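Model, not experiment: these values are computed from the prediction. Chain letters run A, B, ... following the sequence lines, proteins first and then strands; every chain starts at 1.
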Amino acid sequence: MTVGELLILLALGLPLFAALVTFAVGRMPDVRETLMLVACIALCIITMSIFVRAGAGDPPEMMIAQPMAGLEFAFRIEPLGALFGVMASVLWAINSLFSIGYMRGKREPSQTRFYMCFSLAMFGVMGIAMAANLFTLFVFYEILTLATYPLVTHKGDAAARRAGRIYLGTLVGASVVLFVPGIIGVASIAGSTTFTPGGLLPGGTDPAIGNMLLLLLVFGAAKAALIPLHGWLPAAMVAPAPVSALLHAVAVVKAGVFTILKVSAYIFGPELITALPAATWVLWVAAATIVIASLVALSKDDLKARLAWSTVGQLAYISSAAMLPFATGLAAGGMHMVVHAVAKITLFMCAGAIYVATGVTRVSQMAGAGRRMPVVFTLFLIASLSLIGLPPTAGMWSKLLLVNASFGSGEWATAAAMIASSLLSIGYLLPVAFRALFAPPTSLAPDFVRPGGTPGPALVAAILTGIGCIGLFTGAEYIADYLEPLGAITLLETAP
Amino acid sequence: MNFVVTHFNYLAVIVLMMTGLYVLFATGNLIKRMIGLALFQTSTALLYISLGKVAGGTAAIKIYPDSPEAQALAAQLDPAYVAQFGVSGVVYSNPLPHVLILTAIVVGVATLAVGLSIAVRIREAYGTIEADEIEAVRAREPGE
Amino acid sequence: MNAIALEASFALNVALLLMLVAIAAAIAWTRSLVAAILLMGVYSLASAVWLVVMDAADVAFTEAVVGAGVSTVVLLGATLLVRPGPVRVDWRRAIAPAVLVVGVGALLVLAVSGLASFGDPSSPANAHVGRSYLVETPNDIGIPNVVTAVLASYRGFDTLGETVVIFAAGIGVALMLGFGPRSSLPQPPVQPGEHHVVLRVTARLLIPLIILFAFYVLFHGDLGAGGGFQAGVILAVAPILHALVFGLHATTAAIPAGFVRGVAALGVLVFAGVGVVCMANGGGFLDYDRLFMPRVEAMIPPGLLGDPTHSHNWGQHFGILLVEVGVLLTVSSTMVTIFYGFAGRATHDVGSAR
Amino acid sequence: MTLFEAIYVTPPALTAQAPILVVAGPLIGASAAALSPGARTAWMVSVLTAAFALWMSVAVVTEVAREGVVDYALGGFAPPLGIALRIDALGATLALLIASVGLLGALYSGHALSSEVYPGKHGLFQAGYLLCLAGFLGLVFTGDAFNAFVFLEVSSIGTYALVAVGEARDRRALPAAFNYLIFGTVGATFYVLGVGFLYGATGTLNLVDMSVRLAALGDNFAVQAGLAFIVAGLGVKAAIFPLHGWLPGAYAGAPSLVSVFLAATATKSAIYLIVRFVFDVFPTGGFGQTFLALIVAPLAAAAAIVCSVQAIFEKEVRRILAFSSVAQVGFIMLGISLATTGGLSAGVFYLVAHALMKGALFMGVGALAISVKARTVEEFYGLGREAPWSAAAFAVGAASLAGVPLTMGFLAKWSLIAGALEAGALWVVATLAVGSLLTLVYVGRLLEAMFFRAPLPGATRAHEAPFGVLVPLLVMAGLSVWFGVDSSLPESLSRASATGLIGSAR
């Protein structure tokens, strides 16, 4: 067994091991959570070394089984996947820290099942990140869906059950009806489903078939929440805050856009994407999604719902990037994936922290709350800036690159939608932090329902990601370099 | 009209079969259903037998070529016909359909016996052998 | 050819078929279950006559024995057990079947239009394999009745299957209705027919005759109409008659249900065993030419059947005989099992489950 | 098939006789079982016979791998005079499947039967079971149209009674068995009618001879109607929509062993015979394939949708599975009616996959119902915790049914969709996709009930099934997973079946 294979097995095995351990020592919360944190940190180390190896031109790969000819169960790491893996594992570790604080603070029931499913979801994410072909990716994609289902229905009441049904129905339904036929279509044309740099499908693919396959695969990845397959995402807001953070930042939605990026880069390839009219159709849908989601977010008073709709819009940015007939789009999309993840997880952790401390969920009730929770709302402000795309946060770079790529490829509608959405996001994000921090306290200002306010671990986690939002502002170039194999970008050239 | 004459047997057998099928489906009485089924099966047998009839033929029990019976039979027929279609001077009907139908008749009675024994058990379990009444009893049972 | 003889037989054929249609219509029409059952018996008898006109002597024999005999008895027995009221007729539920029947019938008319004319000696059905049997039987098998030759040898595998079907029916009835009266049940105080001396004496006389006739039918199968099935059914009549006259308990005491069941299985074993013996001697399954090892076959005296000049395929002769015996065993014991099943049920209180 | 070429499991003399022994073995075993004095002996006879049939089936498969087609002339008479067995790759595959399920079923019956059938009837029950086994095996081996009818009836007559025996648990088994008998007999008689027309037009019953003569004959109403009657008649046995009315009641009412065996083999052998007639007997590209494409395929598509929806709204677990079977038969027939190598091969692969998964599911239901008489979905609440092993095996079968990756069901759906894409039949792809989605809904409902719901208040606690039941169940479920990870065995068998029937050119 080579080192690369060992790394792959460890990356897959650690979350599984964490799930098993959680199950085994479920009755001892302290042991359970300590072991889990250890597993998280170990996983971070593993993914980082994979990241380094992949960057150094020695991508780990491994073949597990071949159920049928042209159908392989195999792993191979490429830059996008390595990036996704690192991002997911680091944010998982932070989110675990946050979860511990949140769950203990709320005294939630069935925590063991909660942490077990969390680890299983991570298992799915690792598989997605390292998959060598569409089939393997699909397998882990479905594992992720199933592992997160109990998380969404965690409360166990009728509303949670209903949300779970929408969640599972949309995601699995789209997979079965759209994604699987798409994969099989790819396999029957190309003879395999392996991710191939430059595109697996031959350049001369019949446009009619190409269009169909592209639409099947893009909409089949319903985790990317393009309208009209976005309904599951706001519905899943019934879940506890750490779950929302996992869904919206680390695992589920990112798996969706990651799939679209991979499909675009390695199944179709830039050339075929440029040639296919369906790519433009997707761009229009994405542009519409961006604008509509931002407008809906503006109308929501519930903080988590507002953030969820914001996610719908931000995901469409990345989906757009994958469809841009311009190679830089892919790298920009990859970068935005990371940037948005860090920002969104911060926002959700802040929302969770506010909820645990004060029991408040509505934006209108938060005026003046910043006086009592300055750190939380400052972090919220920083993450908001990143999401809007203002310096000194990482969001600036990725948004700039995205808009630039859109202009560069002549997609004015997309560029316009992105700009409009950024302006709208100022409208729905900044007032939250500003009114909490700077508005005079009113009689409506919430009190702590929990003595001591935000639990310590939760606060530490939010601070870490908040720092990340700023840190990535300086580190963005490194990411851009790393993603160069997908399409060269230089920050200095593209930046005005 | 010529078709009706040359295929009269087949048409009559079709009427018989369809009568059986009609009895089977038009009644709710389980025993009457079995009668319809038996009628249907028996009539199908008649189709096979009609297929195997050879004009002027006799039963396929070998009659020795020079025996008086053979000569008497052959005398009723055109010698050219006998020469072409006979075997050693005797025209026989086709034995194969007979063999098949022997089997089919036996299968028919086996089905009848099993079907009726189930009908008897239905009567014991439900108190009736009318399909709609059984259905009514079933509809009242829990779990339906 | 002599057209008059043909037309006479054709006219008979048409008349009998029209009669069958009339009987079938009456079956469909009548509301009395008993009348329908008896009409079914008449139908079988009439079709047996028609079968004789069609030169199907073996089938006619079987139809008379099985269709008019066994089927009618079983149907009547079941009717007695379920004590049904008159068959209800609901015209509304007759519409869909009528439409179905007309549709299927139309398809059948279309289908028969593709068949050769009735009686055509050169039709594919009569010219190909059917004719080959007539030509080859004297050489291959060496028995006069070609139907028996085809049934027991050429298509012996079908007949094995058929025997198994009967065996399966016996199993089915036994599973459903049990094996005759339970020993725990009290013996009925008065035996049926106890006071009918004439009946008892006649039965005592008839039973040996029936058994004798059954064996005649069995051994005559090579030469004329007859064979294991017909013989088996006839043989089964003996214990059934005994049970009717002397009571089921007396019969089951003489011939226990378990024994009958065993004989049914034994019949299948005999038939299949013949096949296995042929295989063990290096032939194929049921290849009667290999029934005997050559050394054994040489020991059979040439004049065994009384005609030393005629060449005999001893393997075929004995093979056919043995499998017919197997058929006889299974058929007769299954018929008795079925009778035990239905008759034994009658001594229970019908209407209470088990 | 190359897998089997170098394998010899029997001495040469036995190999030559293996085809007939596959069929005759269970017939003789049935007699022996009926003669057995006690329930235990009957069970051992049953297991030994089924094991023997499996051994001989493997021998036949290896021989078919070497020879392509194995012929066996019964009675020493060359066809068309005598009856011949003719085993092609598809027949060998089916025999392997039927014999394997037969053996697992026989093992399973050791414990499962005692709770469902009176001990005094075990001998007869096992005899009936072996007769069914013989019937199905004979059906897929025979090369003679009328002989096929005989074996159809051997299996059917036994089956009717076996289904009716389920009355001990649930009296609704009786009307269901009667219904099955009526439907089944009408179907068999239709088959006989069809064979009669083919015989009238060709003069032969041997399938090879018939195909030669049919090719020379050209179009003829008798021949075409004959095929229509044959497909309709077998369609009843194969539960092709809308001729499936007998199936839900029969599967729901029968003893669990019978449900397992029927679900895994009964419809399959009828499908086999349909395929045999359409692709082997009728000329390639001729009326048979047109008939499939124009009549059977739309019905199959309707089944895939309508019966899946019915399954969603059913309350009883066995009836859910039964309706699912009808829908899945629709999937199989859709693949077959594509009439391409890819489609046919996918259809056969799906057939094997479905047999294994439904076998595991019905066995699982039987195992779960041993300690509690669970029937409805509500009564299945919480069984996942109370009987984890049985429930896990059931879940594996369900996952395969739903088409979860790394189960055989996924590969089956995969190759079916790939076959449909290859043939350019997009409507088939769409039907399969929607049908799969509907399948997920009812499978999800079952799994949710077992694993995510608390038992109903007042429900009796279930216990894990006994070891003797658990082992065949786990083996059956394990096969679904094994072939889902490495499908080379069923893949090569189904590929060889398809190329054997219509050649690899198309």
Side-chain angles (χ1 to χ4, degrees), chain C residues 104 107-108 110-116 123-133 136 140 150 153-162 164-165 167-176 261-262 264-269 272-273 275-276 278-279 282-290 353, chain D residues 13 17 20-21 24 27-28 30-35 72-77 80-83 121 124-125 127-128 131 134-135 138 142 144 146-147 150-151 153-154 157-158 160-162 164-165 171 193 197 199-206 209 213 217 220-226 228-229:
Chain C
V104 175
L107 186 59
L108 282 168
L110 201 64
V112 297
S113 74
L115 292 176
S123 72
N126 295 334
H128 183 40
V129 179
R131 191 178 157 78
S132 307
Y133 286 131
E136 301 295 339
D140 286 347
V150 178
S153 189
Y154 286 111
R155 298 187 67 89
F157 193 51
D158 263 359
T159 308
L160 172 61
E162 181 184 357
V164 171
V165 167
F167 176 52
I171 290 179
V173 174
L175 277 174
M176 284 292 96
R261 182 156 63 97
L266 190 67
V268 174
L269 279 182
V276 173
C278 299
M279 259 164 55
F285 190 71
L286 294 177
D287 182 354
Y288 307 140
D289 289 334
R290 303 293 191 94
Chain D
Q17 303 287 3
I20 187 62
L21 287 174
L27 286 182
I28 294 170
S31 315
L35 288 171
Y72 185 94
L74 281 149
F77 299 106
L81 249 60
I83 295 173
K121 290 186 174 179
L124 286 183
F125 190 91
L131 285 182
T142 186
D144 186 282
F146 197 82
N147 193 237
V150 173
F151 279 109
E153 285 296 333
V154 168
I157 301 261
Y160 305 145
L162 294 188
V165 169
R171 66 171 170 172
L193 260 181
F197 285 122
Y199 171 68
T202 62
T204 185
L205 293 165
N206 183 272
D209 195 24
R213 293 177 155 253
L217 200 61
N220 173 315
F221 276 140
V223 168
Q224 295 179 343
F229 275 103

Please tell me if the side chains of C:Leu107 and D:Phe229 come closer than 4.5 Å, counting only heavy atoms from C-beta onward.
-> yes
Cut-off 4.5 Å, heavy atoms of chain C, and the answer for D:Ile28 is both
For this output row, return yes or no: ring centroids of D:Phe151 and C:Phe157 closer than 6.0 angstrom.
-> yes
What part of C:Val276 lies closer than 4.5 angstrom to a heavy atom of chain D: side chain, backbone, both or neither?
-> side chain
Which bit of D:Ala164 is near chain C, if near means a heavy-atom gap under 4.5 Å: side chain, backbone, both or neither?
-> both
D:Leu217 portion near chain C, given a 4.5 angstrom heavy-atom threshold = neither
Mind checking the CZ-CG spacing from D:Phe77 to C:Leu286? Nearest 0.5 Å is all I need.
-> 10.0 Å
CD1 of D:Ile157 to CD1 of C:Ile171: how many Å apart, nearest 0.5 Å?
-> 11.0 Å
Taking the side chain as every heavy atom from C-beta outward, state whether D:Leu193 and C:Leu108 have any pair of such atoms under 4.5 Å apart.
-> yes
For the residue pair C:Met279 and D:Tyr72, what are the closest heavy atoms and their distance?
-> CG-OH, 4.0 Å
For D:Arg213, what residues pass the salt bridge (charged side-chain N to carboxylate O under 4.0 Å, His left out) criterion, not counting sequence neighbours?
-> D:Asp209
Out of D:Asn220, D:Leu74, D:Val154, which one racks up the most heavy-atom pairs below 4.5 Å with chain C?
-> D:Leu74
Side chain, backbone, both or neither: which part of C:Ser153 has a non-hydrogen atom closer than 4.5 Å to chain D?
-> both
Over all atoms of both residues, closest heavy-atom pair of C:Val268 and D:Leu27 = CG1-O, 4.3 Å
In short, C:Ala111 meets D:Ala225 closest at the heavy-atom pair CB-CB, 3.3 Å
Applying side-chain contact (heavy atoms from CB on, under 4.5 Å), name anything that partners C:Asp158, two or more places apart in sequence or on another chain.
-> B:Leu100, C:Arg155, D:Ile83, D:Phe146, D:Asn147, D:Val150
